[in-house]
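Below: one structure, written as structure tokens.
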Amino acid sequence: MAVVKPFQAVRPGRDVVSQVAALPYDVYNRKEACEAVKGNPLSFLNIDRAETQFSDEVDTYADCVYEKARELLQARMEDGTFLQDETPCYYIYQLTMDGRSQTGIVACSSVDDYLNQVVKKHENTREDKEQDRIRHVDTTGAHTGPIFLAYRAVEELDRTVHQVCGGTPIYDFVSDDGIEHKVWKIAAPGLVKRIEQTFARVPATYIADGHHRAASAVKVGLKRREENPGYTGKEPFNYFLSVLFPDEQLMIMPYNRVVKDLNGLSREEFLKRISEDFMVNEVGSTPFAPVVKGEFGMYLAGSWFRLKAREHVLSKDPVKGLDVSVLQDALLGPVLGIGDPRTDKRIDFIGGIRGLKELEKRVAEDMTVAFSMYPTSIQELLNVADAGLLMPPKSTWFEPKLRSGLFIHML
């Protein structure tokens, strides 16, 4: 059962929260991060991506970068930008995008739950990507970006959250991308105890987004256990920052694909090959977004096509039955020669938030063919994780993105 604890968050003052809140560190490359922090010294991206404080000659992963992150966080705590709550609390974090809201509970999840697979995963992580956040967490002594977790909805938690949201939020602002953010604090001992006890009856939580942040937080926790052999299990490093959402509120957007070339095939040869496994219909110049599972859009040579997977390439297996697997196994691999989409330089992935015009733009610029996907469902994600299996890379794109800097968990 899940261990989900309250904690004493370090968080921004109400008057500066909209300046502090920042998109996750990994949605930017270095150039974009430097541009994003210009004119906003309070943006948490200055801390999350401290290479923005140095010239391009300084390596992104130099020791001085992580030390600068620590210095900046300490400075913001000392100058009053951040405060720390006096007692362990839960927080309710609501994000509203295009009139649709999702409301999660901000808390600390257990390192042991991650190790024992009570916190379930659906993706592999890469050591090189983990190392950056391991050093960031270890040097700053803080978890600065929450891991996005899901759980199967629990009526009692829904009622508690609804009750709290009837009160006055401690934060209420709209970010530059139009997302409304509201936060409520839960400090009343009775409510805190009720939430903790209710989660103790939840059999599992699931990483929706933030696999590398989670793996890095856990590895820092294990490192600190080694450094403190007399640890009790109650120390902050035994827990990691998370926001937990009920599954029924979450929306997954498609993760679309673009490919550099047709693997030596002519347009006609390519269309003939794929027609063996897909019904192919040309639909013209209007961008085509799939409306049912097993359906794909394809943009090629200025025209959109509707692809419908034939019965023999479909599967009831939780992984092989995913649309991203069907496209990979029946088209991208055998026809276009994309053997390993994690490493192949001929394929790129476009988050659904960018829209279908971005696919047309990439084909006009540097690609040859694009595929629009039907989004993976949250139920498919849970089924894969429950089966102890892994999704193909770039299977899900979650929106809206949780902001960093609203809650910091000090180790």
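Computed from a predicted model, the values in this text were never measured in an experiment.
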Above 12 or not: heavy atoms from other molecules or residues under 6.0 Å from CD of Glu227? yes
Within the supplied structure, the quantity of interest is the number of heavy atoms (other residues, nucleotides, ligands) at a distance under 6.0 Å from Asp176 CG; does it exceed 12? no
Does a side-chain heavy-atom distance below 4.5 Å link Phe349 with Pro341? yes
Side-chain donor-acceptor distances from residues 161-170 under 3.5 Å, at least two apart:
none

Side-chain donor-acceptor contact under 3.5 Å, Arg213 with Tyr25: no
Do we see a donor-acceptor contact under 3.5 Å between the side chains of Tyr206 and Asp386? yes
Ser242 side chain vs Leu244 backbone, donor-acceptor pair below 3.5 Å: no
Pair Arg133-Asp26, salt bridge (charged side-chain N to carboxylate O under 4.0 Å, His left out): steps then yes or no: CA-CA 10 Å; Arg133 284 304 102 175; Asp26 53 357; over 6 Å; no
Hey, is NZ on Lys293 packed in by over 12 heavy atoms from elsewhere, all under 6.0 Å? yes
More than 12 heavy atoms from other groups under 6.0 Å of NZ on Lys193: no
Could you tell me whether the side chain of Arg152 reaches within less than 4.5 Å of the side chain of Ile378, counting heavy atoms only? no
For the residue pair Ala21 and Leu406, what are the closest heavy atoms and their distance? CB-CD2, 3.8 Å
Between Asp48 and Ser404, is any pair of side-chain heavy atoms under 4.5 Å apart? yes
Identify whether the distance between the nearest side-chain nitrogen and carboxylate oxygen of Arg159 and Glu155 falls below 4.0 Å. yes
Quick one, Arg257 and Gln328 - any side-chain contact, counting heavy atoms below 4.5 Å? no
Partners meeting side-chain hydrogen bond (donor to acceptor under 3.5 Å, both in side chains) with Tyr91 (sequence neighbours left out): Asp85
If we only count heavy atoms from C-beta on, is the Trp397 to Met251 side-chain gap below 4.5 Å? no
Pairing of Glu130 and Arg135 as salt bridge, 4.0 angstrom limit: no
Sorted by first residue and then second, give each ring pair (Phe, Tyr, Trp, His ring centres under 6.0 Å) pair with at least one member in residues 215-246; sequence neighbours left out. Phe148-Phe245
Residues Asp261 and Thr368: closest non-hydrogen pair is CA-OG1, 3.6 Å
Please step through side chain to side chain donor-acceptor pair (under 3.5 Å) for the pair Gln94 and Trp184, ending with a clear verdict. CA-CA 9 Å; Gln94 183 180 82; Trp184 293 261; over 6 Å; no
Cation-pi check, Lys121 to Tyr114: give yes when NZ or CZ is under 6.0 Å from the six-membered ring centre and within 45° of the ring axis, no otherwise. yes
Do Lys219 and Glu127 come close enough that some side-chain heavy atom pair is under 4.5 Å? yes
Heavy-atom count around Arg30 CZ within 6.0 Å, excluding the residue itself: above 12? yes
